[in-house]
J.: 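Here it is, the structure, as C-alpha cells.
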Amino acid sequence: MVSTVTSINQTTSRRALVCAAALGAATLLLATQGKAQVVPSEEAAESGFADAPFSPYANRSFPTFPLWGETHLHTGLSLDAGAFGNILGPDDAWRFAKGEQVVSSTGQPVKLSRPLDWMVLTDHTDLMGFAPDLQAGKPGILADPKGREWYEGYKKGGAEAGKTAFDLITNFSQMTLPELIVESYSPGADPFAFTWEKIVNAAEEHNDPGRFTAFIGFEWTSVPKGFNLHRNVMLRDGPMRALQVVPPVTQPPYGDTDPYHLWNWLEEYQEKTGGRAVAFAHNGNLSNGWMFPTEDTYHGGKVDEEYVQLRAKWEPHYEITQIKGDGEAHPFLSPDDEFADYENWDTGNLDLTELKTEEMLAGEYAREALKLGLALEKKFGVNPYKFGIGGATDSHTGLTTAEEENFFSKSVSVEPSPTRIEHPFIASDLGRIEGHQMVASGYTAVWATENTRSAIFDAFKRKETYATTGPRIGLRFFGGWDFGEADGRSRNPAVLGYAKGVPMGADLPQQEGDGAPSFLLAALRDPIGANLDRMQVIKGWMDAEGKLHEKVYDVAWSDGREMDANGKVPAVGNTVDIETASWSNTIGASELTSVWTDPDFDATEPAFY
C-alpha cells in the first residue's frame, strides 16, 4: 500500500508581493543616500541591516507545519443523520475530533489515532430541530402520516432506518415533504432558532485557540430533483456575530435551491455583522453535470459576468474527495491518467432518480472545472473555478473517521458490523450504490501561521490548502522562475520556497525574461502510514484556439524505477496482505523531493499546475 501525492497550484500574471517588497526597500535606500553628506562604504551600508539569525527557525513569518482538519461533518441534529439513527450531538463530535474516546450511536467505543487540529461542524440547515423530535416521537411528527411512517422506520433501526432516511432524502430532494413539518422546522420556528443557538454555543465552548479550532458552520443543502448542488459554509467569527442571524435553507417558501440565494445570504451576513464567511461546494459527481456550468445554470439562469464574479468571490475552495466518491478526475475526462479511476461514483444523481450520461461528466469533476475556468476567464475576465482544494468525510455518524482500519462509514446504518456491506447504501429502480463503495476519505491540510479561526480562515481564502483521502502526508508545492536543482536537496524547502516563489494556491509572479516556470516539491509520508509511490504534477492549459488540455507528469518516484519512452513510471508494486488487512513498508519512499521545470511551457497559454 503506497500513497500517491498530487496537488494543484494555479497561475496567472501578477507581480508577487515579495517583488514589491524588494523594490520598496531599494527605493527607500536610494532616498536615504540622496540626503547623506558622505556616501558610506559598501561595508558600512551592509552593517546597517540586521544579519539573518543563525537559527533557521527564528523570525519565521510563514506557516511551518500543516494543520489537519475536517470541513464536513454531521451530528444527530441533521435531519437525515437523525433518521439513520445518529444520537450523537455536537459536544460528542467536538470531543471526538479533539482526540477523546466516545461511544458511537451503535454502542461501540471509538477514538481517532491522533486528534485533529481544527474542524467545521456542518449540520444541515433545512428542518433544524426535526431529527431529535423524530427520534423522540413528538406528537407533531406522529400527527402526520408520513412523519409516523418515518418514526416507525427509525425505531426499527439498521437497514430499515437506512430506508427511512433515504425516503426522507428523496422527499426532501423532490420537495414533497409535508407542509406542516416544513413550517414547524424552518426559520421563524422555535426549534430552528434553538438548534442554531445550540450549534453556535457548542462550537464556542470547544474552540481553544492555539490548540484546537472549532469553526461555526452549516451545510446549505441544495438538491433540486436529486441534483447535488450542496455548499458548506464556514464562518470566521464567534457567537457575537453568528447569533445575529439564522442560516439559510432551501425548502420553499422559506428558502431557495439557487446558489444566488446563498450568495445573497453571505453578503447580507457580512454587511449586517461585520463578519466574514466562505462557502465551498462538494460532490459535483452527483450533480449530473450541473455543479460547474459554462452556459446555463440548473435554475434557468446564465453563466454571465455576474455569475462568475459572485462564484469566484464566495467559493474559493472545493471539497475534492469524501465518502460519496472522489471528485478530482474521471477516466472518461482524463483517459491518459492511470489513477483517474479512483473511487468514482458515476451511476446517477444523489437519490438515483436520474442516471448519468457521459455528456454530464465535464460539469462534475474538479480537474475539468479548473480547465473550464480558464475558458470562462478569457470570456469574462474572471475565473469562477479558481479554487483551492480540500477533503472531508461528510460522515453522518458524528465521527470524523477517514482511516481504513478505523472507518465508521457514512451513517449509523453502516457502522462496523458483520453485515455492514450486505445491503446497498442507495438503491432505486434505476440503480444502486453498494455498501462497500463508500470511501474512507478524507481530510484537509491547511498551511496556517497559527491554530486560530482567523489564521485558518485566511489560509482558505488564499487557497493554501490540500486534500488527502486520510493519510496525513506533509506536502509543499512552490512555483517560481528560478528554482534550481540544488534547491531540491534542501532540508528546509519552505525557506527557499517562500523566498524564491509562491506557495500552493497562489498566482505565479509575472515572468521576467524568457524561460519556463520551475516548481519545488517536497512530500513526507504519514508517520504511521504507508510509504510514498511518486509525486505527480497535473498541468491544465488552454491553447490559442481555445481548446483545453491536460497532462500528467511524474516528477519524483521511489525505488529507482526507470521512466519509459512515453514519460511514464511503472507501478511501484503491492505489499497488501488481504488475510491480515495490512501492508509492509518494504517499497516506496519515506520522503520525496524534486525541482521540476515545465518542458512544454508556452507563455501565451494560460495554465494551472
J.: Consider only side-chain N and O atoms of Glu319 and His72, and report whether a donor and an acceptor are under 3.5 Å apart.
T.: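 The answer is yes; a qualifying pair exists.
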J.: For the side chain of Glu364 and the backbone of Asn288, is there at least one donor-acceptor N/O pair under 3.5 Å apart?
T.: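 Yes; at least one donor-acceptor contact below 3.5 Å.
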J.: Check step by step if side chain to side chain contact (heavy atoms under 4.5 Å, CB included) holds for Phe460 and Thr71.
T.: CA-CA 11 Å; Phe460 268 86; Thr71 60; 3.8 Å; yes
J.: Salt bridge (Lys or Arg N to Asp or Glu O under 4.0 Å) between Glu204 and Arg453: does it pass, once the steps are laid out?
T.: CA-CA 11 Å; Glu204 186 65 14; Arg453 284 172 176 163; 2.9 Å; yes
J.: Taking Thr273's backbone N and O only, do any of them form a donor-acceptor pair with Arg241's side chain (distance below 3.5 Å, no angle check)?
T.: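 Yes, the answer is positive, given that a donor and an acceptor are paired below the 3.5 Å cut-off.
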J.: For His423 and Val414, what are the C-alpha separation, side-chain angles and deciding distance, and is it a side chain to side chain contact (heavy atoms under 4.5 Å, CB included)?
T.: CA-CA 9 Å; His423 51 85; Val414 283; 3.6 Å; yes
J.: Would Trp447 and Met504 count as a side chain to side chain contact (heavy atoms under 4.5 Å, CB included) here? Give the steps.
T.: CA-CA 9 Å; Trp447 289 107; Met504 61 179 69; 3.8 Å; yes
J.: Is any side-chain heavy atom of Val446 closer than 4.5 Å to one of Thr465?
T.: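 Yes - at least one pair of side-chain heavy atoms lies under 4.5 Å apart.
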J.: Not counting sequence neighbours, which residues clear ring pair (Phe, Tyr, Trp, His ring centres under 6.0 Å) with Trp68? List them please.
T.: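 Per chain and number, Trp68 pairs via ring pair (Phe, Tyr, Trp, His ring centres under 6.0 Å) with Tyr466.
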J.: Quick one, Leu262 and Pro259 - any side-chain contact, counting heavy atoms below 4.5 Å?
T.: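 Of all side-chain heavy-atom pairs linking Pro259 with Leu262, none is under 4.5 Å.
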J.: Which heavy-atom pair separates Thr400 from Met119 by the least distance, and what is that distance?
T.: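 Heavy atoms only, the tightest pair is CG2-SD, 4.2 Å.
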J.: Which distance, rounded to the nearest 0.5 Å, do you find between the CD of Glu450 and the CD1 of Ile456?
T.: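 It comes to 9.0 Å.
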J.: Is Thr122 reaching over with its side chain to a backbone N or O of Gly217, donor-acceptor style, under 3.5 angstrom?
T.: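 The answer is no, because no donor-acceptor pair under 3.5 Å joins these two groups.
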J.: Are any non-hydrogen side-chain atoms of Tyr385 and Lys371 less than 4.5 angstrom apart?
T.: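 Result no, sub-4.5 Å side-chain heavy-atom pair not found.
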J.: Between Asn283 and Lys324, is there a donor-acceptor pair closer than 3.5 Å when you use the side chain of the first and the backbone of the second?
T.: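 Indeed, once roles are kept as given, a pair shorter than 3.5 Å links the two residues.
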J.: Nearest 0.5 Å please: distance from the CG atom of Asp117 over to the CG atom of Leu67.
T.: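 Going from CG on Asp117 over to CG on Leu67, the span is 5.0 Å.
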J.: From Leu430 CG over to Leu355 CG, what is the distance, rounded to the nearest 0.5 angstrom?
T.: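 Spacing of CG (Leu430) from CG (Leu355) equals 4.5 Å.
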J.: Once side chain to side chain donor-acceptor pair (under 3.5 Å) is applied, do any residues pair with Asp304, and if so which ones, sequence neighbours excluded?
T.: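 Not a single residue meets the side chain to side chain donor-acceptor pair (under 3.5 Å) criterion with Asp304.
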J.: Do Tyr254 and Phe192 make the cut of ring centroids closer than 6.0 angstrom?
T.: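 Ring centres of Phe192 and Tyr254 not closer than 6.0 Å.
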J.: Determine, for Lys225 against Glu354, whether the closest basic-nitrogen to carboxylate-oxygen distance falls under 4.0 angstrom.
T.: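 No, no charged N to carboxylate O under 4.0 Å.
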J.: Please report the interatomic distance CH2(Trp196) to CE(Met128), rounded to the nearest 0.5 Å.
T.: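 With rounding to 0.5 Å, CH2 (Trp196) is 6.0 Å from CE (Met128).
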J.: Any idea which heavy atoms bring Asp237 and Gly275 closest together, and the distance?
T.: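 Heavy atoms of Asp237 and Gly275 come nearest at OD2-CA, 3.1 Å.
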J.: Does the pair His74 and Asn86 meet the rule for a side-chain hydrogen bond (donor to acceptor under 3.5 Å, both in side chains), with working shown?
T.: CA-CA 9 Å; His74 296 271; Asn86 184 356; over 6 Å; no
J.: Taking Asp144 for the side chain and Gly147 for the main chain, is one N or O donor matched with an acceptor at less than 3.5 Å?
T.: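 Flag set: sc Asp144 to bb Gly147 pair under 3.5 Å.
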J.: Less than 4.5 Å apart, side chain to side chain, heavy atoms only: is that true for Pro132 and Leu77?
T.: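 They are in side-chain contact.
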J.: For the residue pair Pro224 and Tyr298, establish whether any side-chain heavy-atom pair is separated by less than 4.5 Å.
T.: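 Yes, at least one pair of side-chain atoms sits under 4.5 Å.
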J.: Give me the atom names and distance for the closest heavy-atom approach of Ala214 to Ala203.
T.: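 Smallest interatomic distance, heavy atoms only, reads CB-O, 3.3 Å.
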J.: Quick check on Lys198: does its NZ atom have over 12 non-hydrogen neighbours (other residues, nucleotides or ligands) under 6.0 Å away?
T.: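 For Lys198, atom NZ is not crowded (no more than 12 foreign heavy atoms under 6.0 Å).
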J.: Which heavy-atom pair separates Thr164 from Gly153 by the least distance, and what is that distance?
T.: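 Closest heavy-atom pair between Thr164 and Gly153: OG1-CA, 3.1 Å.
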J.: Could I get the full list of ring pair (Phe, Tyr, Trp, His ring centres under 6.0 Å) partners for Tyr260, not counting sequence neighbours?
T.: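 Tyr260: ring pair (Phe, Tyr, Trp, His ring centres under 6.0 Å) contacts with Trp263.
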J.: Quick check: are there more than 12 heavy atoms from other residues, nucleotides or ligands sitting under 6.0 Å from CD1 of Ile421?
T.: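 Counting neighbours around CD1 of Ile421, 12 or fewer heavy atoms of other residues, nucleotides or ligands fall under 6.0 Å, so no.
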J.: So do the side chains of Leu370 and Phe387 get within less than 4.5 Å of each other, counting heavy atoms only?
T.: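 In contact.
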J.: Report the residues that fulfil ring pair (Phe, Tyr, Trp, His ring centres under 6.0 Å) with His230, sequence neighbours left out, ordered by chain and then residue number.
T.: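 Applying ring pair (Phe, Tyr, Trp, His ring centres under 6.0 Å) to His230 gives His282.
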J.: Considering only heavy atoms from C-beta outward, does the side chain of Asn349 approach that of Val223 to under 4.5 Å?
T.: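 They are not in side-chain contact.
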J.: Charged N to carboxylate O under 4.0 angstrom, Lys98 versus Glu100?
T.: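 No.
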J.: Is the shortest distance from a Lys or Arg side-chain nitrogen in Glu268 or Lys272 to a carboxylate oxygen in the other one below 4.0 Å?
T.: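 Salt bridge absent between Glu268 and Lys272.
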J.: Under 3.5 Å, is there a donor-acceptor pair between the side chain of Ser287 and the main chain of Phe227?
T.: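 Flag not set: sc Ser287 to bb Phe227 has no pair under 3.5 Å.
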J.: Does Thr468 use its side chain to pair, donor to acceptor, with the backbone of Arg472 at less than 3.5 Å?
T.: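 Such a contact is absent between Thr468 side chain and Arg472 backbone.
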J.: When you check the gap from the basic side-chain N to the acidic O, do Lys386 and Glu377 get nearer than 4.0 Å?
T.: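 So Lys386 does not pair with Glu377 through a salt bridge.
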J.: Phe215 and Met234: which non-hydrogen atoms are nearest, and at how many Å?
T.: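 Where Phe215 meets Met234 most closely, the heavy atoms are CD2-CG, 3.6 Å.
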J.: Does anything in residues 125-161 form a ring pair (Phe, Tyr, Trp, His ring centres under 6.0 Å)? List the pairs, not counting sequence neighbours.
T.: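 Sorted result for residues 125-161: Phe130-Tyr185.
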J.: May I ask you to test the Pro247-Val233 pair for a side-chain heavy-atom distance under 4.5 Å?
T.: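 No; the side chains remain at least 4.5 Å from each other.
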J.: Does a salt bridge link Asp80 with Lys410, judged by any charged N lying under 4.0 Å from a carboxylate O?
T.: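 Looking at Lys410 together with Asp80, the answer is no, because their closest N to O distance does not fall below 4.0 Å.
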J.: Kindly check if the number of other-residue, nucleotide or ligand heavy atoms within 6.0 Å of NZ (Lys146) is above 12?
T.: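 Counting neighbours around NZ of Lys146, more than 12 heavy atoms of other residues, nucleotides or ligands fall under 6.0 Å, so yes.
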J.: Is Asn264 reaching over with its side chain to a backbone N or O of His261, donor-acceptor style, under 3.5 angstrom?
T.: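 A pair under 3.5 Å: no.
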J.: Who are the ring pair (Phe, Tyr, Trp, His ring centres under 6.0 Å) partners of Phe425, not counting sequence neighbours?
T.: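 Phe425: ring pair (Phe, Tyr, Trp, His ring centres under 6.0 Å) contacts with Phe166.
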J.: Is the count of non-hydrogen atoms from other residues, nucleotides or ligands lying under 6.0 Å from Gln244 atom CD greater than 12?
T.: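 Atom CD in Gln244 is packed in, count exceeds 12.
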J.: Does CD belonging to Gln101 count more than 12 external heavy atoms closer than 6.0 Å?
T.: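 Check passes, neighbour count above 12.
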J.: Determine whether a donor-acceptor pair (N or O, by modelled atom type, separation under 3.5 Å) exists between the side chain of Thr257 and the backbone of Thr250.
T.: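 No, the answer is negative, given that no donor and acceptor are paired below the 3.5 Å cut-off.
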J.: If only atom types and distance count, is the side chain of Asp126 paired as donor or acceptor with the main-chain N or O of Gln251 below 3.5 Å?
T.: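 Yes; judged by distance alone, with no hydrogens or angles, the pair exists.
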J.: Please step through side-chain hydrogen bond (donor to acceptor under 3.5 Å, both in side chains) for the pair Thr397 and Glu415, ending with a clear verdict.
T.: CA-CA 8 Å; Thr397 63; Glu415 284 191 2; 4.7 Å; no
J.: Please report the interatomic distance CD1(Ile199) to CG(Asp123), rounded to the nearest 0.5 Å.
T.: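 Separation between the atoms: 5.0 Å.
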J.: Quick check for you: to the nearest 0.5 Å, what is the distance between Thr125 atom OG1 and Glu219 atom CD?
T.: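 Between Thr125 OG1 and Glu219 CD, I get 8.5 Å after rounding to 0.5 Å.
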J.: Could you pull out the closest heavy-atom pair between Val303 and Thr297, with the gap in Å?
T.: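 Taking Val303 first and Thr297 second, the nearest heavy atoms are CG2-CG2, 4.1 Å.
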J.: When you look at CZ of Arg95, are more than 12 heavy atoms from neighbouring residues, nucleotides or ligands closer to it than 6.0 Å?
T.: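 Result for CZ/Arg95: enclosed.
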